[in-house]
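See below for the structure under consideration.
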Amino acid sequence: MIILQILVNGFLLGGFYTLIGVGFTLVWGVTNIINLAHGAIALLGAYITYFIFQYWHIDPFISLPVSFLSMFLFGYILQRYLMNLVVKAQIFMLLILTFGLEIFLVNFMTTFFSADFKSVTPDYAGSSLVLGDIVIPYIRLGVFMICVVVTLIMGFFLDRTWTGKAIKATSLDIEAAMMSGINPSKIYALTFAFGSGLAGLSGSLLSLTQAFSPNIAGGLTLRAFIVSILGGLGRIEGAFLGGIILGIVETMSSYVIGESYKNAIAFGLMVLMLIIKPSGLLGRKYYAEVKH
Amino acid sequence: MKRIIFALVAFMLLSFGANANADEITFGAALSLTGKLAKEGNLVKSGYELWKETVNKKGGIKIGNKSYKVNIKYYDDESDPNRGAKLVEKLITEDKIKLILGPYGSESVFATSAITEKYGAIMVQGGAAADKLYTRGFKNLFGIYTVATEYMDDILEMLKNKSPKPETVAIIYSNDLFSAQVAQGAKKSAEKYGYKVVLYKDYPKGTQDLSTVIVEIKGKNPDIILGCGHFQDTIVIVKQSKDYKVNPKAIGFSVGPALPDFVDSLKGDAENVLGAAQWTTTLKYKDPVFGSNTEFVKAYKAKYNEEPAYHAAGGAAAGVIFQRAIEKAGTKDDLAKIRAALSSYDEETLYGRIKFDATGKVVGKGMAVIQIQKGAQKTVYPEAVAESKAVYPKPAWK
């Protein structure tokens, strides 16, 4: 019975990993930027939810759009006026730039919000759905559902709308995209904005399930990284699959082998994937080929 | 004429200086007054200062018929144990002080006590709880903090007499050195008192999601859950135990419940959680210098306008014990006699009944057990000095 409960936990955790992975994999797949500041941006979202809850006592679920939109805007400006300057340079430069950004954001948060752990605890925290022996905390269930719905909407957006198709087109063949009237720098900025917005959203949801401090930014980025590698770059379905697998592997290894080994196992899995199928479970040709 | 005046002045100065020295006992302390341990270091210093003031107000340390005023020479180690060691060497060799009051922090005490041992100077410390301090065969170090491996002993001892009698214990701990030692000790104590340890598991330091561990605990359905970690882990364990409806008869932690932030962070969920504490403000101990622990707390509040933390009380108690040992030895210069007086020390102080074993480690003092009751910390054990009764079994989470 414990196994079942742990599988459920892993599945729910996987929902969160999916959401944090979607933004990351999208940005990586489309713009070829490995955004090392992804976790830090997610934490900005977490702080937005935290402060709104703390000072105006507004339910954290209601503040989600605020967090999404502000990070969306932040990401857009960041890409348009900072990343775009070096986007044509070596991929290595972009990596350094996002790494620098990560350091800046983490220190910014540490300075202004302190390194103390914060968490958002609404009144209904701690109440759970009980199904026989299985306990499902409502908050985790809510977080999972939002993650899944947002991921679905994102997939729909990419497949069915003009902008979404333009994003995909740009990632597949930038020259052909330009010939059909798509402005790549605009698309890049938009993609990065979506990536950041989704990161902010996932950060807000994170603040509901666990405590956070600026120091966990790196850990979040790594999770997003693993999800992307597992699922395949630039693919929404890939992120979903990767997220769920990561969630279940983490909880199962924590139970079977020990909490202290779960990171090692998660990374081992990633390395294994890179050896066996470097393009990821659902990765296909064209997505995130090195363009330089 | 000039010469005579010069000689007179010189004589007066000399005799003045000599007088001052004759009527004073100077202690030395190299503490962290700046840097990352500044908060705790300054608290310990506040304790030393309050002790000094109190003793001097009463006339000083009595040796035979003579009273000596207390003087303390401080240096700031800038939260660097190596610097602390150098400063203690300076205190001993340049300032000629052989009575050293300890710094705060296990690393600092570890480094500085090696120096006092080298020079045969005596250190009494109320600022470090690591077991490793007492495994080096030192003869000149006396510590009043209950060591890590004994942290959880009193909680288990208290619970063994409760009814319905708890039978099983789950122990989870953060995998850093200190917490691991606390957990090892807890396991040993549990076996000593006849509990069955059904789960003994570590988790990485700084983990923010322990749901798997909590689910595992739930599967074992233990009567007691003990968490040996840090403040943040404690919060996570309480929250997630509630999430997953894990309802033991008692839940206790080595770190967390004694801190004021605990109730702020958990609100109603903090209720009935047990914690281990070196010292609390409400313990009803007598004290040879302050009169009692209550008097100490009152004096501290009057001087500093805040509740004393256990760090400050540890500092004051270290001073008290040093003083009593010197009075008992009847000398301020014969270190062998003072050492012997400390070795055979056995007296109730504001920190509890203090007695040292051959390694200089306090024995039998134990930890106070506290419980959050109606949003406030209450000391519930040892029963003789407690302020209220422990709530047991703990009601289910609400």
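In what follows, chains are A, B, ... by sequence order, proteins preceding strands, each numbered from 1. Quick caveat, the model's predicted, so the values are computed rather than measured.
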**Prompt:** If we only count heavy atoms from C-beta on, is the B:Gln208 to A:Phe212 side-chain gap below 4.5 Å?
**Reply:** no

**Item:** Part of A:Asp116 within contact of chain B (heavy atom distance under 4.5 Å)
**Value:** neither

**Separation of A:Ile6 CD1 from B:Glu216 CD (nearest 0.5 Å)** = 6.0 Å

**Prompt:** With chain B, which of A:Val130, A:Thr251, A:Asn9 has the greatest number of heavy-atom pairs at distances under 4.5 Å?
**Reply:** A:Asn9

**Asked** Can you name the nearest heavy-atom pair linking B:Gln240 to A:Thr209, along with the distance?
**Response** NE2-O, 4.3 Å

**Prompt:** Is chain A contacted by the side chain of B:Lys218, its backbone, both, or neither, given a heavy-atom distance below 4.5 Å?
**Reply:** side chain

**Asked** Does NZ in B:Lys192 sit with more than 12 non-hydrogen atoms of other residues, nucleotides or ligands closer than 6.0 Å?
**Response** yes

**Request:** For B:Gln232 and A:Ala211, work out which heavy atoms get closest and say how close.
**Result:** NE2-CB, 3.2 Å

**Prompt:** Strictly by modelled atom types, are B:Lys267 and A:Thr121 linked by a side-chain donor-acceptor pair under 3.5 Å?
**Reply:** no

**Item:** Side chain / backbone / both / neither for A:Leu13 at chain B, heavy atoms under 4.5 Å
**Value:** side chain

**Message:** Could you measure the distance from the OH atom of A:Tyr138 to the CG atom of B:Asp243? Nearest 0.5 Å is fine.
**Reply:** 12.5 Å

**Item:** Heavy-atom neighbours of A:Asn107 CG exceed 12 at 6.0 Å
**Value:** yes

**Prompt:** Is B:Tyr304 atom OH crowded by more than 12 heavy atoms from other residues, nucleotides or ligands, each under 6.0 Å away?
**Reply:** yes

**Request:** State, yes or no, whether a side-chain contact exists between A:Ile2 and B:Val215 at a heavy-atom distance under 4.5 Å.
**Result:** yes

**Request:** Report, as yes or no, whether the 6.0 Å neighbourhood of atom CZ on A:Phe99 holds more than 12 heavy atoms from other residues, nucleotides or ligands.
**Result:** no

**Asked** If you draw a 6.0 Å radius around NZ in B:Lys201, do more than 12 non-hydrogen atoms from other residues or ligands fall strictly inside?
**Response** yes

**Prompt:** Is chain A contacted by the side chain of B:Ser241, its backbone, both, or neither, given a heavy-atom distance below 4.5 Å?
**Reply:** neither

**Derivation and outcome, side chain to side chain contact (heavy atoms under 4.5 Å, CB included), residues B:Ile235 and A:Phe117** = CA-CA 10 Å; B:Ile235 301 287; A:Phe117 277 90; over 6 Å; no

**Item:** Distance in Å, B:Lys239 NZ paired with A:Ser119 OG, rounded so as to fall on 0.5 Å steps
**Value:** 3.0 Å

**Fill in**
To the nearest 0.5 Å, atom NZ of B:Lys245 lies from atom OG of A:Ser127 at 7.0 Å

**Request:** Might you confirm whether atom NZ of B:Lys132 has over 12 heavy atoms from other residues, nucleotides or ligands at distances under 6.0 Å?
**Result:** yes

**Request:** For each of A:Gln5, A:Arg140, A:Met252, A:Glu250, tally heavy-atom pairs with chain B at distances under 4.5 Å, and name the one with the top tally.
**Result:** A:Arg140

**Asked** Crowded around B:Lys162 NZ? As in, over 12 foreign heavy atoms under 6.0 Å?
**Response** yes

**Asked** In this structure, are over 12 heavy atoms from other groups packed under 6.0 Å from A:Asp123 atom CG?
**Response** no

**Prompt:** Non-hydrogen atoms of chain A under 4.5 Å away: do they reach the side chain of B:Asp209, the backbone, both or neither?
**Reply:** both

**Side chains of B:Thr212 and A:Lys262, donor plus acceptor under 3.5 Å** = no

**Request:** First locate atom CG of A:Leu12, then atom OG of B:Ser211, and finally report the distance between them rounded to the nearest 0.5 Å.
**Result:** 9.0 Å

